[in-house]
Number of protein chains: 2
Amino acid sequence: MASDSKPTINDVARIAEVSKKTVSRVINKSPLLSEKTRKRVENVIADIGYVPNPQARALALRRNFVIAAIHDNPNAQFLVNVQQGVLDGLAGSDFNLMVKPVDRKSPNITEDIRDFLERQRPYGVVLLPPISENDEIARLCDDLGCRYVRMGSVKLDEAEHTVSSNDREAVREAVSYLIKKGHRRIALIEGPSGFTSPQERRAGFEEAMAAAGLEVDEALVRPGSYTFESGVSAGQALVELENRPTAIFACNDEMAIGAMIAARRSGLLIPEDVSIVGFDDTPLSSHVWPSLTTVRWPIVDMARTAAKKLISPEDAEANATWLLPSALIERSSVVPPTV
Amino acid sequence: MASDSKPTINDVARIAEVSKKTVSRVINKSPLLSEKTRKRVENVIADIGYVPNPQARALALRRNFVIAAIHDNPNAQFLVNVQQGVLDGLAGSDFNLMVKPVDRKSPNITEDIRDFLERQRPYGVVLLPPISENDEIARLCDDLGCRYVRMGSVKLDEAEHTVSSNDREAVREAVSYLIKKGHRRIALIEGPSGFTSPQERRAGFEEAMAAAGLEVDEALVRPGSYTFESGVSAGQALVELENRPTAIFACNDEMAIGAMIAARRSGLLIPEDVSIVGFDDTPLSSHVWPSLTTVRWPIVDMARTAAKKLISPEDAEANATWLLPSALIERSSVVPPTV
DNA sequence: ACGCGCAATGGCACCGGTGTCAATAAATAA
DNA sequence: TTATTTATTGACACCGGTGCCATTGCGCGT
């Protein structure tokens, strides 16, 4: 029953009594073919169950059908969302997704990635934040002639290679929302320094405060590193303050939830004593109690757009959009201050 | 500065004044080569920055260097852990990881996967649970001559193609732990029916109860689907019981946390009023309050072992181990019953 | 000195597709 | 009717490696 080995284009050609080239034309849907031969060849293909060999195609075309996602982001949900988005964007095409994690702390990331690109030669790569902000990597892709798209926060404003979210505006909106609810003493838990997205988020925070004529109290701004633990310590420091904030904006959900737990440990009620807002809208945020009001980061859309940009450079729509909107998701971790 | 295009094996051969075949021998570390020519060729390779073309190799060897992870599991943390494990197992080899998600609810999963395998022709695939339990898929791999490893719970006991965890024993241990703490009315939130792992976990539960001479109260056994929401509803039903349980064992962490939230909504304190134990040891479990006592599922190890089985069939160690141990992680969601 | 075995290398076809261009047949123009 | 397009198809080299087998050079036993 089982076949000795896969039928090749030669088998099809022989059986259909045409040349390989003609078969090639059929599988590539070339228009210069008589309807008659096309049918005949298609029947043979179906009969013997021929499937073109991607390796051979890749060799002949000097272009394989692999998109790689390069990341150094340890957040599981983020990663899975990106993968899903990229796969959405790739759906219906011949492309497949390869994942390449790199060690953020390794001193030879660049070499590692160069090695990967040279060996695997993906057709294109999606660079996920935060490594997408590394200009050296982008330059490397250029040098190696590898298509790439960088995902990030606005600022990487080179439309051809970029898909961004407008974090600044999103945070401005979220903080304005807190202010509208009546909060005045609003704390900020920052993201790791040295990257664009935390900077943008901080800028949005400052803009919202400024727009409402409020001053940013530096005592209410705590560093964080996007990890749960850093949220816990920042949150703890904040609630132990003599004049504690009535609301906390954390630059991502994990830290927001960390802060929530820290507040609760100190005996505070949420949201009555402290309102909390996060950023990302991970599933986590609706799984905690109270559920977390947060900013939905359009990460899946960004990833889908990035993938489309890579594989269909002619798709005007994909290539026009490079800045995607965020949205505030109201849940139950915010109420007006009770003081 | 930039190269017109990548140097090929022909360039190396010409410059080093040897045949392509000799260069091929050098890059494949063939032993039948004089030290002198090897050095010379290696120098040329380094000089011009030659990297072998994987597509050409794949074509000639009729074997590419891609391992695919096929999954239909929506859990982000699980997925990322598996990916990490597989990549660990692949580290140092020429292999790369491709991800292929499939839609669990789609009626033509098999066709979808067949299409993927025929087109992409990965060297091997790792089947993640729950789709790993689908015998049809395994048979498909056999038919297509594609190496595969199924990850699962014990029962798929075909050592060559399987890497498992002993869920039954792990649950037995966890429930015995609850019993040792003094609990008698212990509830179970099950996983989705029709899969091995929930069955095994349930069996472990029953064994532990039986071993302690306790009877399983069917009113305390609630269905679940491994989702947070199903944990909430099961938990709610349990705490609203007239004679509510003093401890709940949930078949995964998400449901355990759902149950936790349901209990809290009903005004119960955790762990004082209800102790809770989960399964998986996701990061989530240490991020909730109180932190969740749970069973560590050796998923990363399983995935690493699976990858090794695929790429180095000669690795005796990888091929001997197909059953990996779990471990109980004690955190703060369990105390003796206060009644 | 001669034949032999072995180590080191080369030659060439082949893996399974695609690009280029020529060849043929059919259709249209002159 | 014949020259000229135009629509279809084929021949053949090539993409960049590897497998198989032939060839060459050299140390060695006799």
Side-chain angles (χ1 to χ4, degrees), chain A residues 3-42 44-45 48-66 94 117-123 144-145, chain B residues 3-42 44-45 48-66 94 118-123 145:
Chain A
S3 43
D4 307 313
S5 71
K6 303 245 151 85
T8 74
I9 198 171
N10 295 302
D11 301 325
V12 178
R14 184 165 31 73
I15 299 175
E17 297 178 305
V18 294
S19 71
K20 325 163 47 163
K21 185 66 228 191
T22 300
V23 179
S24 169
R25 290 197 179 95
V26 172
I27 60 187
N28 288 298
K29 305 198 198 315
S30 157
L32 5 75
L33 255 180
S34 76
E35 205 47 44
K36 214 179 58 181
T37 31
R38 154 167 298 135
K39 269 279 174 300
R40 181 149 47 92
V41 173
E42 277 173 351
V44 174
I45 290 180
I48 67 176
Y50 164 69
V51 180
N53 179 320
Q55 273 76 40
R57 266 164 69 84
L59 178 58
L61 288 168
R62 267 173 240 86
R63 142 205 224 281
N64 65 15
F65 290 86
V66 168
D94 287 339
L117 293 178
E118 285 186 333
R119 287 192 184 286
Q120 188 55 42
R121 310 196 191 182
Y123 177 74
L144 264 38
Chain B
S3 43
D4 307 314
S5 70
K6 302 246 153 86
T8 74
I9 198 172
N10 295 300
D11 301 324
V12 178
R14 184 165 30 77
I15 299 176
E17 296 177 306
V18 294
S19 70
K20 327 163 44 163
K21 184 67 234 193
T22 299
V23 180
S24 170
R25 291 199 177 93
V26 172
I27 61 189
N28 288 298
K29 305 198 198 312
S30 157
L32 6 73
L33 257 180
S34 77
E35 205 46 46
K36 216 178 55 179
T37 32
R38 156 167 297 136
K39 268 280 175 301
R40 183 148 48 92
V41 173
E42 277 173 349
V44 175
I45 289 179
I48 67 175
Y50 164 71
V51 180
N53 179 321
Q55 273 75 39
R57 264 165 71 87
L59 178 57
L61 289 167
R62 268 174 240 85
R63 145 206 223 281
N64 66 16
F65 290 87
V66 168
D94 286 340
E118 284 187 331
R119 287 189 183 289
Q120 188 54 46
R121 311 197 188 180
Y123 178 75

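Basis for what follows: all heavy atoms, side chains included, without hydrogens, waters or symmetry-related copies.
Atom C1' of nucleotide D:dG16 and atom CD of A:Gln55 are separated by 14 Å, given to the nearest angstrom. Rounded to whole Å, atom C1' of C:dG10 lies 14 Å from atom CG of B:Asn10. As rounded to whole Å, 19 Å separates atom C1' of C:dT9 from atom NZ of B:Lys39. Atoms CZ (B:Phe65) and C1' (D:dT18) sit 11 Å apart, rounded to a whole Å. The CG atom of A:Leu33 sits 13 Å away from the P atom of C:dT18 (whole-angstrom rounding). Rounding to whole angstrom units, CD1 of residue B:Ile9 and C1' of C:dG10 are separated by 13 Å. For the pair B:Arg38 CZ and C:dA8 P, the interatomic distance rounds to 10 Å; values are reported in whole Å. In this structure, A:Asn64 places its CG atom 15 Å from P of C:dT18, rounding to the nearest Å.
Nucleic acid contact class of B:Val18 (heavy atoms, under 4.0 Å, all strands): sugar-phosphate only. When heavy atoms are screened at a 4.0 angstrom cut-off, A:Leu61 is found touching the sugar-phosphate backbone but no base atom.
Remark: the A:Arg62 side chain and the C:dG19 base include no donor-acceptor N/O pair separated by less than 3.5 Å. On a pure distance criterion of 3.5 Å, no polar donor-acceptor pair joins the side chain of A:Arg25 and the base of C:dG19.
Here B:Asn53 does not reach the OP1 or OP2 of D:dC15: none of its side-chain N or O atoms lies under 4.0 Å away.
Minimum atom distance to the side chain of A:Ser34 is reached by D:dT9, of the listed D:dT9, D:dT18, C:dT18. Of the candidate nucleotides D:dT18, C:dG17, D:dG10, C:dG17 has the atom lying nearest to any side-chain atom of A:Ala56.
Both A:Lys21 and A:Arg121 lie close to DNA chain D; mapped to their nearest nucleotides by heavy-atom distance, the more 5′-ward contact belongs to A:Lys21. Where B:Lys20 and A:Val51 meet DNA chain C, the nucleotide closest to each residue was compared, and B:Lys20 sits on the side nearer the 5' end.
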Legend entry - B:Lys20 vs B:Val12, side-chain contact (heavy atoms from CB on, under 4.5 Å): CA-CA, chis, key distance, verdict: CA-CA 8 Å; B:Lys20 327 163 44 163; B:Val12 178; over 6 Å; no

